[in-house]
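Worksheet for the structure shown next.
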2 protein chains.
Amino acid sequence: MNEYIKKLKCLGDETRIRILKLLITVNKELCVCEIVDSLKIQTYTISKHIKELKNAGILKESRRGKFIFYSLILNEDNFSENVINLINSLPDAYFSDDILMMNKRLSRRETDSCATGLSDKGDDK
Amino acid sequence: MNEYIKKLKCLGDETRIRILKLLITVNKELCVCEIVDSLKIQTYTISKHIKELKNAGILKESRRGKFIFYSLILNEDNFSENVINLINSLPDAYFSDDILMMNKRLSRRETDSCATGLSDKGDDK
DNA sequence: TCGACATTTGCATATATGTGCAAATATACT
DNA sequence: AGTATATTTGCACATATATGCAAATGTCGA
């Protein structure tokens with residue numbers, strides 16, 4: 001049971017829920033800097049929360065060059081699906097700013113990869 | 001969002017999940033001593049976990065005489081339902097002993113001291 | 001009121017967790 | 001090699017949490 005409790009414990013933090021909501025919404029990999037820009041939270045804070053989500057078996061990573069992309073691990077059992085349903089049952093209003101920011105950030109992707117060097121936050125907000 | 005995060009945080013503990021699983025399974029009120037007997041965990045430990053579940057708005061209490069009965073709060077939103085689905089998607093094996101004990105304990109409701117509060121359980125709200 | 005029972009609470013302690021900063025690692029480019 | 005970018009990690013600190021015991025509270029019935 002510990003495996004599941006670890007996952008559940010991970011859901012008890014606002015930042016981690018916000019990260020998960022982004023990944024659920026966009027339904028693809030996001031790199032750390034994209035998550036940072038979307039949530040406007042320090043990189044090392046995001047990094048540490050992602051690490052926990054990874055340790056709990058909720059996220060997987062894949063490095064491509066300088067970037068590390070994270071995405072949800074979707075298992076066969078109903079558990080993953082129910083986690084997603086649970087998060088999706090939270091009021092959208094809590095996440096609207098995050099999603100807006102994420103879409104803005106993702107629109108700057110040139111290929112299917114993170115838009116290098118474009119995370120200078122002054123130009124088009 | 002804090003209200004929901006508090007609830008999610010509550011789900012990150014094995015004892016609390018086991019308590020919730022009992023309540024979901026039996027689908028009625030349980031008194032503290034019945035939960036204690038089912039899970040074989042100290043009364044004060046159960047009491048404290050129940051207190052957190054209550055503070056998070058997951059459980060409600062109703063005192064009848066010496067006994068305090070607890071049951072799930074079911075809200076209109078999908079959240080409650082999804083919490084239940086999530087807990088129900090955990091492997092039954094983790095809870096089989098608990099459920100067995102609970103059924104054993106509940107079958108004594110008519111004869112046991114704890115059953116005094118239960119003889120009039122027809123008015124369950 | 002007293003005693004028995006059911007449950008909660010206060011206190012102590014050990015452990016876990018979140019956050020911030022600085023430094024470290026990893027990779028790409030020149 | 002040296003620099004820039006992306007991300008992680010180690011350390012420190014404050015706060016939160018779980019647990020155990022003893023004592024307190026609330027309720028019933030004699």
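Keep in mind that this is a model prediction, so the values were computed, not measured. Just so it is clear: chains get the letters A, B, ... in the order the sequence lines come, proteins before strands, and each one is counted from 1.
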How would you list, by chain and number, every residue that makes a side chain to side chain contact (heavy atoms under 4.5 Å, CB included) with [X], sequence neighbours excluded?
X	answer
B:Met101	B:Ser38, B:Lys40
B:Asp77	B:Tyr4, B:Asn75, B:Phe79, B:Ser80
B:Asn82	A:Asn85, A:Leu86, A:Ser89, B:Asn78, B:Asn85

Legend entry - Divergence of helical axes at both termini of the helix from C:dT1-D:dA30 to C:dT30-D:dA1 - five pairs an end, 10° steps: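 What I find for the helix from C:dT1-D:dA30 to C:dT30-D:dA1 is an axis angle of 10°.
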For [X] and [N], give me the distance from atom [atom1] to atom [atom2], rounded to whole Å.
X	N	atom1	atom2	result
A:Lys66	C:dT25	NZ	C1'	15 Å
B:Ile68	C:dA6	CD1	P	12 Å
B:Ile46	C:dT9	CD1	C1'	16 Å
A:Ile50	D:dT8	CD1	C1'	11 Å
A:Glu14	C:dT17	CD	P	18 Å
B:Glu61	D:dG26	CD	P	12 Å
A:Ile5	C:dT17	CD1	P	13 Å
B:Arg64	D:dG29	CZ	P	15 Å

Check salt bridge (charged side-chain N to carboxylate O under 4.0 Å, His left out) between [X] and all other residues, then give those that pass, not counting sequence neighbours.
X	result
A:Asp98	A:Arg18
B:Lys104	none
A:Lys54	A:Glu61
A:Lys21	A:Asp92

Legend entry - Partner of B:Glu52 under salt bridge (Lys or Arg N to Asp or Glu O under 4.0 Å), chosen from B:Lys9, B:Lys6, B:Arg16: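 Passing option: B:Arg16.
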Inset, instruction - Taking the six-membered ring of B:Phe69 (Phe, Tyr or Trp), confirm whether the NZ or CZ of B:Arg64 is under 6.0 Å from its centre and within 45° of its axis. - result: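 Satisfied, under 6.0 Å and within 45°.
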Inset, instruction - Assign a letter to each nucleotide of nucleotides 14-25 of chain D from its 5' end: B, base within under 4.0 Å of a protein heavy atom; S, sugar-phosphate only; -, no contact. - result: ---SSBBB----
Inset, instruction - Looking only at side-chain atoms of A:Ser47, point me to the closest of D:dT7, C:dT8, C:dT27. - result: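 The answer is D:dT7.
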Legend entry - Earlier contact from the 5' end, DNA chain C, for A:Gly65 and B:Thr43: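 Closest to the 5' end, via its nearest nucleotide, is B:Thr43.
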Legend entry - C:dA6 OP1/OP2 closer than 4.0 Å to side-chain N/O of B:Tyr70: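 Answer is no, no contact under 4.0 Å.
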